[in-house]
Amino acid sequence: MTTPVISGFHPDPSICRVDDTYYLVNSSFEYAPGVPIHRSTDLLTWTLVGNILSRPGQLAPHAGTASSGIYAPTLRHHDGRFWMVTTNVSEMHRGHLIVSAEKPEGPWTDPVHVTGTLGIDPDLAWDEAGVCHLTWASFQPGLRGIACVPIDPVTGAMLAEPRLLWNGTGLAAPEGPHLYRRAGWWYLLLAEGGTERGHTVTVARARSLDGPFEAAPHNPVLTHRSTDHPVQNTGHADLVELADGSWAMVYLGVRPRGRTPKFHVNGRETILAGVDWVDGWPVVDEQRFPVTGRDHSFTDRFTRPGLDPRWVAPGTFPTAFTRWEGPGRLVLGRTPQPPQTPALLLTRARDTEWTAQARLDTSSGTGRFLLRIDSAHWYGLTADADGVEATVAIGPAVSRTARIPRPAGRAVTLRITVHDAGRAGEHGEPDAPDLVELAVVDDDGTREVLGTFDGRYLSTEVAGGFTGRMIGVELVDGEVTLEEVSYTARRGRGTPS
């Protein structure tokens, strides 16, 4: 499979089924609100329900450091209730956090923490007696590996001493554990090999959680390492049983482009595969589900109070620096807390080729429309009362490449376009994964381009970390009013969106 079912920065998928409806969550890292949750009835078309960690009592503001925050949630449904467990690595010393809700859209409870569970990637599973078991990749001295302990999920209390289960096949970084009870066996699914090109999915089984766990004879059950498959870094999977008794798997992957080492720009995305059980082991069928690209285009004119759940901010909630003053008037102004946190209203880039526009009133301040991976890797258009300038930030190198004047007292429309690098006239495989064009659009539709830049510098291979490209508006100084944001997917010669 080469087309994600949920594209853009949506890594570490976890899935559960309630009757004939499926629900899926992803890691959100430094962005708030956290843990996006999607709904589907066919596994192919997913709708964003909201974000589970939607208030400061669940996710405290922090510095917004790149790839900090919320790692690898697991979503389960048990006894008529949804349960989500995850790790806030910015507060890892508190242990994994658990929230629950009767409905996927919430309200979700305030979190309880499982004290003494240092590590990442927690999972919840219930045995036949109704006892809940927490499993995670433990960093604790004397308990390093895939650990498991029975808990009370309502209070977070441990009910016994943690024990180690199985530490994988010997590859690097065994993590992302999920436990399943099937046909008298406990199955333990892991991610191994690191979340880069060597990523794999492995599995073992045991008759009881006391072990011993036996590795599948055909491990890894999924990997694209050392191949030329257009989807790479495949791993961190979760299984779900369908209503008809068949099974499926969701996992993360990336779509690198350009010349070696190739560059992926939209982050780790959610991909779907079928699963057969053969001789008691899962066998992955990557071609079972015919996934086609979706149109992710939208126009947001901020016509009512409250933001669409697509909008997030690093380190704080958007409500900390935005206020609604009527249709087409979303003001970015109040200094967020903590003070060092930037005021950035962002949404995920979802496609390989697209155009986004923002209309800003900067008569009372300075605002920036930008495409970013993190605070050190971004391309943007900065507008004030006098003009617009293009800026490129690649690590410590920040370059202001062009500036044009504009009439005072008028809103300005800023445009970012991402397109296939082959359109620049190269022959053969282009060096870059894509090109990023920064432009200003006049009221009559005339476009003035301030620069076109190599997209590789806004890739994970250059910037590092675990997220992907985000599009949005940053408050630079004073107050700016956001009148409209639009995003239009473009289908070109690149990989399907």
With the side chain counted from C-beta on, respond yes when [X] and [Y] share a heavy-atom pair under 4.5 Å apart, and no when they do not.
| X | Y | result |
| --- | --- | --- |
| Trp136 | Val85 | no |
| Arg257 | Pro430 | no |
| Val250 | Leu43 | no |
| Thr467 | Asp374 | no |
| Pro33 | Tyr31 | no |
| Leu435 | Glu437 | no |
| Val25 | Pro73 | yes |
| Arg490 | Thr417 | yes |

Without hydrogens or angle criteria, can the side chains of [X] and [Y] be said to hold a donor-acceptor pair below 3.5 Å?
| X | Y | answer |
| --- | --- | --- |
| Thr352 | Arg255 | no |
| Asp238 | Ser14 | yes |
| Arg415 | Gln357 | yes |
| Thr87 | His96 | yes |
| Ser40 | Thr45 | no |
| His199 | Thr234 | no |
| Thr366 | Asp477 | no |

Can you tell me which residue among Ile70, Leu53, Leu59 is in a side-chain contact (heavy atoms from CB on, under 4.5 Å) with Ser28? Ile70
Where [X] and [Y] come nearest, the two heavy atoms and their spacing:
| X | Y | answer |
| --- | --- | --- |
| Gly57 | Pro111 | O-CD, 3.5 Å |
| Pro13 | His236 | CD-O, 3.8 Å |
| Gly465 | Thr460 | O-CG2, 3.4 Å |
| Val291 | Thr3 | CG1-O, 3.5 Å |
| Ala432 | Ala421 | O-CB, 3.5 Å |

May I ask you to decide whether Glu325 forms a salt bridge with Arg323, counting only side-chain N to carboxylate O separations under 4.0 Å?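 Arg323 and Glu325: salt-bridged.
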Under 4.0 Å between a Lys/Arg side-chain N and an Asp/Glu carboxylate O for Glu484 and Arg359?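 Salt bridge between Glu484 and Arg359, a charged N being under 4.0 Å from a carboxylate O: no.
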Distance from [X] atom [atom1] to [Y] atom [atom2], nearest 0.5 Å?
| X | Y | atom1 | atom2 | result |
| --- | --- | --- | --- | --- |
| Phe29 | Ser90 | CZ | OG | 11.0 Å |
| Thr322 | Leu475 | OG1 | CG | 11.0 Å |
| Arg350 | Ser7 | CZ | OG | 4.0 Å |
| Phe466 | Arg268 | CZ | CZ | 6.5 Å |
| Ile98 | Asp110 | CD1 | CG | 14.0 Å |
| Asn26 | Leu252 | CG | CG | 9.5 Å |

Tell me if a side-chain donor or acceptor on [X] pairs with a main-chain N or O of [Y] at a distance below 3.5 Å.
| X | Y | value |
| --- | --- | --- |
| Asp431 | Arg259 | no |
| Asn266 | Gly8 | no |
| Gln232 | Glu196 | no |
| Tyr71 | Ser67 | yes |
| Thr74 | Pro122 | yes |
| His224 | Val231 | yes |
| His62 | Gly64 | yes |
| Asn51 | Pro309 | yes |
| Thr362 | Asp384 | yes |
| Arg301 | Val485 | no |

Using the rule given for salt bridge (Lys or Arg N to Asp or Glu O under 4.0 Å), can you reason through Glu461 versus Arg197, listing the C-alpha separation, both sets of side-chain angles and the distance that settles it, and then say yes or no? CA-CA 11 Å; Glu461 282 74 15; Arg197 297 294 192 265; 3.3 Å; yes
State whether Phe317 and Arg55 meet the cation-pi test: NZ (Lys) or CZ (Arg) under 6.0 Å from the six-membered ring centroid, and within 45° of the perpendicular axis. no
Does Arg39 count as lying over the ring of Tyr23, i.e. NZ or CZ under 6.0 Å from the six-ring centre, within 45 degrees of the axis?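 Relative to the ring axis of Tyr23, which defines the angle, Arg39 lies outside at least one limit.
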What is the ring orientation for His38 with Trp46, classed by angle as parallel under 30°, tilted 30 to 60°, or perpendicular over 60°? perpendicular
So does Glu105 have more than 12 non-hydrogen atoms from other groups sitting under 6.0 Å from CD?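 More than 12 within 6.0 Å, yes.
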Enclosure of Asp19 CG (heavy-atom neighbours >12, cutoff 6.0 Å): no
Begin from the C-alpha positions of Arg310 and His296 and carry the test side chain to side chain contact (heavy atoms under 4.5 Å, CB included) through to its verdict. CA-CA 11 Å; Arg310 69 169 62 93; His296 302 110; over 6 Å; no
In this structure, which one of Asp12, Asp121, Thr86 forms a side-chain hydrogen bond (donor to acceptor under 3.5 Å, both in side chains) with Ser27? Asp12
Ring centers of Tyr487, Trp354 separated by less than 6.0 Å: yes
How about Trp83 and His77: are their ring centres within less than 6.0 Å of each other? no
Side chain to side chain contact (heavy atoms under 4.5 Å, CB included), that's the test. Do Tyr22 and Thr41 meet it? Break it down for me. CA-CA 6 Å; Tyr22 302 90; Thr41 55; 5.8 Å; no
Sole candidate of Asp442, Asp361, Asp443 that passes salt bridge (charged side-chain N to carboxylate O under 4.0 Å, His left out) when paired with Arg410: Asp443
Decide side chain to side chain contact (heavy atoms under 4.5 Å, CB included) for Leu330 and Asp300; before the verdict, give the C-alpha distance in whole Å, the side-chain angles of both, and the deciding distance to 0.1 Å. CA-CA 11 Å; Leu330 184 71; Asp300 196 334; over 6 Å; no
Test side chain to side chain donor-acceptor pair (under 3.5 Å) on Ser100 and Arg81; report intermediate values, then the result. CA-CA 7 Å; Ser100 67; Arg81 197 164 184 85; 2.9 Å; yes
Show the numbers, then the answer: is there a side chain to side chain contact (heavy atoms under 4.5 Å, CB included) between Asp420 and Glu353? CA-CA 7 Å; Asp420 183 67; Glu353 297 190 79; 3.7 Å; yes
Is there a salt bridge (Lys or Arg N to Asp or Glu O under 4.0 Å) between Asp434 and Arg469 once you walk through the steps? CA-CA 13 Å; Asp434 54 19; Arg469 284 183 180 172; 2.9 Å; yes
